[in-house]
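Working notes, structure below.
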Amino acid sequence: RHACPAHVDIPGYIALVKEGRYADSVRLIRKDNPFPSACALVCEHPCESRCRRSLVDDAINIRGIKRVAVDAAGHVPAPQCNESTGKKVAVIGGGPGGLTAAYFLRLMGHGVTVFEQRNLLGGMLRYGIPRYRLPDKYLNEDIDVILSTGIEVKKNISVGKDIKLSQLREEYDAVYISIGAHSYRNLGIEGQDADNIISAVELLRAIGDGDKPDFTDMNIVVVGGGNVAMDVTRTAKRLGAKTVKCVYRRRQVDMTAQVEEVEGAIAEGCDIVPLMAPVRVEKDENNQAIALVVQPQIPGEYDRGRPKPVNANRPEEKIPCDMIIAAIGQEIDSLPFSEEGVPTKWNNILS
């Protein structure tokens, strides 16, 4: 329970599943986390690293037990809200953070309005996680229960453009900002302006809106080593790519992606190319990337728990490609809020 970011009562809901009380198990999960269905599929299950059963042999499949509870329980309605407090709260952002805040605020009896920039709710759960990992059915079930509490939603509204933060402050008793990290980082190397270089955020966002690109017979290179890199690596393969190579400057064991995601990508025919640092992008006369030039690396001294990669005494190599997908991190676009006096630091909104 202490390793769970939401501090869900894990022993409690496991005990309820054992008794066959699946609906009660879902209700117990929702006391701390209104996304039981989504987390039953995509939670990184850090709880299993602290499971006491590992003192005997191995951790219990805690996330799998949550999946059992969700699938067996069916529809479980939200609890009744408290009496109205007469207070109104504006929630900026309809992702998991914003919807979680909206859900608990509504249960407390406050009036809640969610302002969402895009056409669909879900944030990175919808626009950052591929459908093969989180089908719409599960995500929509969680969102429908959250909205059933009486939350008002206004979509396709960008705060700072369509409505000012100052207006919300005047109309509501409180404003909760939960905008997510939907901006991306560039590769930061020569040739990164090639027309066929896209970010993982752009690709997954397009797919979330139902716009699937066709990668048939293409050679795709992904740069990055986290879960998002694995998501786009495996997605590119599903979109018909002939080859998919995930280039990472550290060792494979140092990748921040979940081990099962890396193993899944390899099993599906994707290549992990570790200890290769991108140096520049080679382009043709039409501003199309035709190869990613990389410098071989070797593990150096430990830095923050991992060996820091340093240049190996080997020549640069070229990895031919038809498209490059950058998955090296995301950022928050806090400019519309800092312009209205919200304190920020390094693009992050301060509390």
Side-chain angles (χ1 to χ4, degrees), residues 2-7 32-35 38 44 46 85-129 143 146 149 151-188 199-202 204-205 208 224 226-228 256 303-305 326-351:
H2 290 292
C4 173
H7 300 295
D32 301 292
N33 175 14
F35 286 94
E44 294 188 7
T85 62
K87 301 291 186 179
K88 298 191 304 179
V89 181
V91 175
I92 303 174
L99 290 177
T100 296
Y103 174 76
F104 288 117
L105 286 166
R106 187 69 196 97
L107 293 183
M108 294 173 189
H110 306 308
V112 181
T113 302
V114 174
F115 293 85
E116 168 56 36
Q117 188 178 44
R118 306 197 66 79
N119 187 46
L120 296 172
L121 295 173
M124 279 300 182
L125 286 177
R126 190 179 302 278
Y127 294 106
I129 298 178
I143 293 176
I146 291 170
T149 60
I151 296 167
E152 182 183 359
V153 178
K154 296 185 178 181
K155 302 175 184 176
N156 298 307
I157 293 182
S158 179
V159 175
K161 179 181 178 182
D162 301 311
I163 188 172
K164 294 292 186 182
L165 179 61
S166 56
Q167 290 179 250
L168 298 180
R169 283 173 161 165
E170 291 176 2
E171 296 176 18
Y172 294 86
D173 296 287
V175 178
Y176 183 87
I177 302 175
S178 181
I179 56 176
H182 291 265
S183 298
Y184 56 89
R185 296 176 184 170
N186 292 319
L187 292 174
S199 72
V201 172
E202 291 173 305
L204 295 174
R205 183 184 297 157
N227 283 319
V228 175
T256 56
D303 177 37
R304 298 181 183 179
I328 58 173
Q330 292 142 237
E331 295 179 340
I332 296 172
D333 181 13
S334 60
L335 183 60
F337 301 93
S338 62
E339 289 177 342
E340 294 203 51
V342 176
T344 61
K345 183 176 182 181
W346 297 321
N347 228 24
N348 294 323
I349 295 174
L350 302 178
S351 58

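Counting begins at 1 with the first residue of the sequence.
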Requested in this report: Could you tell me whether K88 sits above the aromatic face of Y172, with NZ or CZ closer than 6.0 angstrom to the six-membered ring centre and within 45 degrees of the axis?
Outcome: yes
Query raised in the report: Where is the tightest heavy-atom contact between A326 and L187, given as atom of each residue plus distance?
Result: CB-CD2, 3.7 Å
Query raised in the report: Roughly how far apart are N227 CG and I129 CD1, rounded to 0.5 Å?
Result: 9.0 Å
Query - Least distance between heavy atoms, I163 atom then I157 atom - result: CG2-CG2, 3.7 Å
Requested in this report: Please confirm whether the backbone N or O of F35 pairs with a side-chain atom of N33, one donor and one acceptor, at under 3.5 Å?
Outcome: yes
**Report entry** T113 vs K154, side chain to side chain contact (heavy atoms under 4.5 Å, CB included): CA-CA, chis, key distance, verdict
**Finding:** CA-CA 7 Å; T113 302; K154 296 185 178 181; 4.2 Å; yes
Query raised in the report: Which heavy atom of S178 sits nearest a heavy atom of G97, and at what distance?
Result: OG-C, 3.4 Å
Query - Donor-acceptor under 3.5 Å (R169 side chain, V175 main chain) - result: no
Query raised in the report: Less than 4.5 Å apart, any side-chain heavy atom of V91 and any of I151?
Result: no
Query - Straight-line distance of E44 CD to C4 SG, nearest 0.5 Å - result: 12.0 Å
Query raised in the report: Atom CD of Q117 and atom NZ of K161: how far apart are they, to the nearest 0.5 Å?
Result: 8.5 Å
Report task. Mind running side chain to side chain contact (heavy atoms under 4.5 Å, CB included) on F337 and I179 for me, showing each step along the way? Result -> CA-CA 10 Å; F337 301 93; I179 56 176; 3.7 Å; yes
Query - Gap separating the CZ atom of F104 from the CG atom of L99, nearest 0.5 angstrom - result: 12.0 Å
Requested in this report: Taking all heavy atoms of G86 and all of D173, pick out the closest pair and write down the distance.
Outcome: O-OD2, 4.2 Å
Requested in this report: Identify the heavy atoms of V114 and G93 that sit nearest to each other, and give their distance.
Outcome: CG1-O, 3.8 Å
Query raised in the report: Do R205 and R118 touch side chain to side chain, with heavy atoms closer than 4.5 Å?
Result: yes
**Report entry** side chain to side chain contact (heavy atoms under 4.5 Å, CB included) evaluation trace for I92 with L165
**Finding:** CA-CA 9 Å; I92 303 174; L165 179 61; 3.9 Å; yes
Query raised in the report: Rounded to the nearest 0.5 Å, how far does CG of D32 lie from NE2 of H7?
Result: 9.0 Å
Query raised in the report: Can you find a heavy atom in the side chain of L168 that is under 4.5 Å from one in the side chain of F115?
Result: yes
**Report entry** Least distance between heavy atoms, G128 atom then L204 atom
**Finding:** O-CD1, 3.1 Å
Report task. Answer yes or no: is there a donor N or O on one side and an acceptor on the other, between the side chain of Q330 and the main chain of A181, under 3.5 Å? Result -> yes
**Report entry** Chi angles and distances behind the side chain to side chain contact (heavy atoms under 4.5 Å, CB included) call for Y176, V112
**Finding:** CA-CA 10 Å; Y176 183 87; V112 181; over 6 Å; no
